[in-house]
Amino acid sequence: MSFTPALRAELIKIRTLRSLVGSLAAILLTTVAFSALFSASSDKNEPDQLFRTFFGINFGEIAAIAFGATAVAGEFQGGALRLTLAAMPDRLRWFAAKATAVALPALAVGLLTGVVTAVVGKAAFGDLGPSWGQALRGALGCGLQLTLMALFAAGLAAVLRSGVATLSILIPFLLIVSFVVGDLSGSVADFLPDRAGQIALHSTWDGSLGPWTGLAVSALWAAAALVAGAWTLQRRDA
Amino acid sequence: MTDIDVRDLTKEYGARRAVDELTFRVRPGRVTGFLGPNGAGKSTTMRLLLGLDRPTSGTATIGGRAYAELHEPLRRVGALLDAGAAHGSRTARDHLRALAASNRIPVGRVDAVLEQTGLAEVARRRVKTYSLGMRQRLGIAAALLGDPEVIVLDEPSNGLDPEGIIWIRTLLKDLAAEGRTVLVSSHLMNETASFADHLVILGRGRLLADTPVQEFIRARVQPEVRVRSIDPDALGDLLVRHGHDATRHEDGAWSVRNAPAEELGRLLAEEGVPVLELAAREGTLEQAYLDLTATEAEFTAQPQEA
């Protein structure tokens with residue numbers, strides 16, 4: 001079994017489920033809409049104009065998590081995984097194809113989201129807004145962070161073998177723990193998967209992590225979840 | 001020539017042995033019925049065969065190779081394990097398209113198997129709108145997708161309507177006639193008898209029989225001849241006089257064991273007895289199976305502790 005046919009199969013599976021296409025659309029819509037709302041209503045003299053511009057990513061991340069978790073969780077319903085693994089018995093290769101099939105559309109939509117959000121923000125703030133250099137970093141960071149969150153959820157869903165379980169852990173975590181603890185910037189909270197990657201969306205930062213090291217920390221979280229998912233898959237009976 | 005070869009296969013879940021030192025071989029060109037009560041280990045054996053579960057010990061190979069080693073396995077082996085495997089929100093056609101892509105099977109095969117399983121008309125409807133019988137057909141379509149030489153189906157007639165049951169019977173026979181290796185599990189005797197040429201019977205994870213269907217029935221059930229005349233008592237006397245082992249039914253007919261219908265017919269004609277009915281009764285698979293399990297129970301029954 002080779003990788004390309006497996007990837008094609010997994011991309012077809014993603015394209016042909018309305019809920020997955022819907023959550024991809026939700027990544028774009030929620031991020032752009034909440035960012036625009038926030039930009040329009042915030043003080044134009046705020047120091048961190050870049051994060052004001054990208055504030056909506058907090059909501060986009062929820063859509064990205066739903067996308068990653070749902071894409072993997074579908075395999076754990078009604079014996080779907082048995083059929084999938086009967087077609088693609090090399091489990092690691094199959095899971096790599098699945099993760100790639102989650103990452104590719106998430107990255108495409110994430111980058112588009114980043115660019116649209118940046119352009120909307122520049123328009124809203126005018127000369128007081130972030131510089132084009134900052135906006136570009138924000139757009140790229142936004143795309144990468146959304147992709148990493150989708151992969152983090154995909155890995156976790158493979159460990160828990162359930163979309164509901166994954167979402168009921170990650171969404172409260174994102175909404176409560178991160179929002180509450182996250183304000184204590186410069187602390188351990190900076191290393192949480194959703195906070196670390198978002199440093200790339202700030203004009204300035206004062207913790208031990210910068211924009212790219214922050215994204216690297218998010219990538220480590222995603223990688224850890226995927227490795228744990230692959231290990232579970234390899235070890236258990238289908 | 002592609003055999004399914006199961007050798008010393010054992011699978012334990014904790015302390016329970018679901019499959020116990022199982023050895024059998026499934027040959028091409030005939031339908032092999034895989035029989036046993038629910039929980040006998042049929043589905044587990046099939047999952048082990050497809051490399052989905054890991055055996056505790058022993059091997060299961062297809063054409064001499066483990067399933068996981070097959071390149072593009074759907075082109076070699078088609079399997080139906082769960083009718084619920086297709087995602088409810090996807091259409092049947094998209095479900096099969098993804099499967100086909102994974103093994104580089106041309107899209108033309110997708111439409112061909114949808115046609116073959118009678119799903120072409122509803123192929124663009126979402127699977128959640130399907131009845132159990134239609135899902136079962138979709139599972140069979142998936143098994144046939146790669147035009148495989150080995151076909152493994154777990155309870156394929158579950159949920160099928162009478163028309164569907166006749167359809168699957170013909171399909172299985174045709175597949176075997178094309179020289180394919182066909183293994184079909186079931187817990188229904190009469191249904192299995194209608195399509196199987198050969199039997200592999202499991203009981204509590206162990207092999208109870210591996211034999212051609214006709215041989216199995218003949219070895220375990222004596223054929224009978226049913227005779228009915230206008231005067232049951234006179235008929236009875238005649239049978240006893242000629243030393244036949246006969247039992248009388250409530251409707252006045254007699255069942256005669258160990259005597260061919262030809263011999264009885266001649267005897268009754270010679271004696272001038274008017275015959276209303278004379279029918280040879282072959283034993284059924286169900287009778288043979290019950291005989292087998294009764295013998296098994298004798299050997300495996302544990303003394304009850306007070």
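Chain letters run A, B, ... following the sequence lines, proteins first and then strands; every chain starts at 1. Just so it is clear, the values below take in all heavy atoms, side chains as well, and ignore hydrogens, waters and symmetry mates.
Most heavy-atom pairs under 4.5 Å with chain B: of the set A:Leu7, A:Leu11, A:Thr16, A:Thr4, this distinction falls to A:Thr16. Considering only heavy-atom pairs separated by less than 4.5 Å from chain A, the leading option among B:Leu99, B:Val77, B:Leu81 is B:Leu99. Of the listed residues B:Ala98, B:Ala86, B:Ala83, B:Gly84, the one with more heavy-atom pairs under 4.5 angstrom with chain A than any other is B:Ala98. When each of B:Arg75, B:His87, B:His95 is checked for heavy-atom pairs under 4.5 Å with chain A, B:His87 comes out on top. In terms of heavy-atom pairs under 4.5 angstrom with chain B, the leader among A:Leu17, A:Leu85, A:Ile12, A:Leu83 is A:Leu17. Contact tally against chain A (heavy-atom pairs below 4.5 Å) for B:Glu69, B:Arg104, B:Arg97, B:Arg54: the top residue is B:Arg54.
For the pair B:Arg124 and B:Asp94, the salt-bridge criterion is not met [side-chain N within less than 4.0 Å of a carboxylate O]. Between A:Lys98 and A:Glu10 there is a salt bridge, since a side-chain N of the basic residue sits under 4.0 Å from a carboxylate O of the acidic one. The residues A:Lys13 and A:Glu75 are annotated as salt-bridged, a charged nitrogen and a carboxylate oxygen being separated by less than 4.0 angstrom.
Between B:Phe34 and B:Phe24, a ring centre-to-centre spacing shorter than 6.0 Å is recorded.
Annotation: salt bridge (Lys or Arg N to Asp or Glu O under 4.0 Å) contacts of B:Glu21 (sequence neighbours excluded): none. Residues passing the ring-ring contact (aromatic ring centres under 6.0 Å, His included) test with A:Phe34 are A:Phe59, sequence neighbours excluded. In this structure, the side chain to side chain contact (heavy atoms under 4.5 Å, CB included) partners of B:Ala112, at least two apart in sequence or on a different chain, are B:Arg109.
If you run side chain to side chain contact (heavy atoms under 4.5 Å, CB included) between B:Leu96 and each of B:Thr91, B:Val113, B:Ile105, only B:Val113 comes through.
At a 4.5 Å heavy-atom cutoff, the contact between A:Arg15 and chain B is made by side-chain atoms alone. Heavy-atom distances place the side chain of A:Arg18, and not its backbone, under 4.5 Å from chain B. Heavy atoms closer than 4.5 Å to chain A are found in both the backbone and the side chain of B:Leu52.
Of residues 5-14 of chain B, those residues with a non-hydrogen atom less than 4.5 Å from any non-hydrogen atom of chain A are, in numerical order, B:Lys11, B:Tyr13.
Relative to the ring axis of A:Trp231, A:Arg235 places its NZ or CZ within 45° and under 6.0 Å from the centre.
A:Ser35 places a side-chain N or O within 3.5 Å of a backbone atom of A:Gly56 that can act as its donor or acceptor partner.
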